[in-house]
Amino acid sequence: MRINLMFYKILLVILFLNNGCSGDDKEEEDVLVSRCFVVKEKGTNILISGARVFLEGDFDCMYGGCGYAQFGYEETDGTGETCVTIKESQMKKVDHISCYKEGYKHFAIDNPPLHFNEILLEKY
């Protein structure tokens, strides 16, 4: 009787560990997708290199502060263009896009439309 009870306990432990490592995690199977942008100076349409474009979402307040989770960011190249690549599941949660460049005002847009791809930065 004691052997049967011990056998069942070991079997339960094995099943528990096996379920935790089953590899069915959706995050592992998530496809990478890209969203591309061009960053220009407002009013002049001069292309801006070195600007950082952030894809963000899941606004939350914790530890005495509030903010967006950053899913990914990229810096614009010499042509003012960049593509940010993140997981498809994260892309579905993007509800905030922001852009920073020294010497320019911070740019942010909430709930951007899917076709949004041009960011205009205004100088200080």
Side-chain angles (χ1 to χ4, degrees):
M1 185 73 163
R2 221 167 205 223
I3 294 174
N4 283 342
L5 186 58
M6 186 60 121
F7 174 77
Y8 286 120
K9 285 182 180 180
I10 292 172
L11 184 62
L12 284 174
V13 170
I14 291 172
L15 287 174
F16 177 77
L17 291 175
N18 190 30
N19 282 340
C21 302
S22 65
D24 290 340
D25 190 8
K26 179 159 176 29
E27 293 293 324
E28 288 180 23
E29 298 174 15
D30 222 348
V31 177
L32 294 177
V33 292
S34 296
R35 191 159 176 184
C36 298
F37 303 91
V38 61
V39 180
K40 299 178 181 179
E41 186 176 297
K42 189 174 186 177
T44 65
N45 284 337
I46 294 173
L47 299 171
I48 300 173
S49 63
R52 287 190 176 182
V53 178
F54 295 85
L55 298 183
E56 303 168 320
D58 290 339
F59 187 81
D60 196 12
C61 295
M62 53 195 303
Y63 307 117
C66 296
Y68 289 94
Q70 291 182 0
F71 298 130
Y73 75 92
E74 286 296 329
E75 203 168 286
T76 56
D77 59 15
T79 66
E81 297 177 355
T82 190
C83 290
V84 183
T85 302
I86 60 176
K87 293 178 181 179
E88 185 176 32
S89 63
Q90 292 173 323
M91 189 67 79
K92 291 176 183 177
K93 296 178 185 178
V94 171
D95 59 7
H96 188 81
I97 295 174
S98 61
C99 183
Y100 300 91
K101 171 69 177 172
E102 191 173 324
Y104 292 88
K105 292 181 181 177
H106 169 249
F107 171 88
I109 183 172
D110 288 323
N111 302 313
L114 288 175
H115 65 275
F116 177 80
N117 65 353
E118 185 176 79
I119 298 173
L120 300 175
L121 293 182
E122 189 177 343
K123 278 197 165 199
Y124 279 118

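Counting all heavy atoms, side chain and backbone alike, Ser34 lies closest to Thr85 at OG-OG1, 2.6 Å. Among all heavy-atom pairs drawn from Asn117 and Cys36, the shortest one is CB-O, 3.4 Å. Residue Lys40 comes nearest to Asn45 through the heavy atom pair CD-OD1, 3.8 Å, listed as atom of the first residue, atom of the second, then distance. Between Ala51 and Val39, the closest heavy-atom pair is CB-CG1, 4.1 Å. The shortest heavy-atom contact between Ile97 and Pro112 is CD1-CG, 3.5 Å.
Hydrophobic clustering of Ile, Leu, Val, Met, Phe, Trp and Tyr side chains at less than 4.5 Å, counting indirect connections, unites Val33 with Val94. Cluster annotation: Phe71 is connected to Ile109 through the hydrophobic network of ILVMFWY side chains, with a link wherever side-chain heavy atoms come within less than 4.5 Å.
Interatomic distance, CZ of Arg52 versus CD of Glu75, reported as 5.5 Å (0.5 Å rounding). Between the CZ atom in Arg35 and the SG atom in Cys83 there is a gap of 11.5 Å [rounded to 0.5 Å]. Residue Lys93 holds its NZ atom at 14.0 Å from CG of Leu55, rounded to the nearest 0.5 Å. The CG atom of Leu121 sits 10.0 Å away from the NZ atom of Lys42 when rounded to the nearest 0.5 Å. Taking CD1 of Ile119 as the reference point, atom OG1 of Thr76 lies at 9.0 Å (rounded to 0.5 Å). Atom CD in Gln70 sits 11.5 Å away from atom CD1 in Ile86 (nearest 0.5 Å).
Not a single donor-acceptor pair under 3.5 Å links the side chain of Lys101 to the backbone N or O of Lys123. A donor-acceptor contact shorter than 3.5 Å is absent between the side chain of Asp30 and the backbone of Lys87.
Taking the salt bridge (charged side-chain N to carboxylate O under 4.0 Å, His left out) definition, one finds that Glu81 meets it with nothing, sequence neighbours left out.
Here ring pair (Phe, Tyr, Trp, His ring centres under 6.0 Å) pairs that include residues 89-120, with residues two or more places apart or in two chains, are Phe54-Tyr100, Tyr68-His96, Tyr100-His106.
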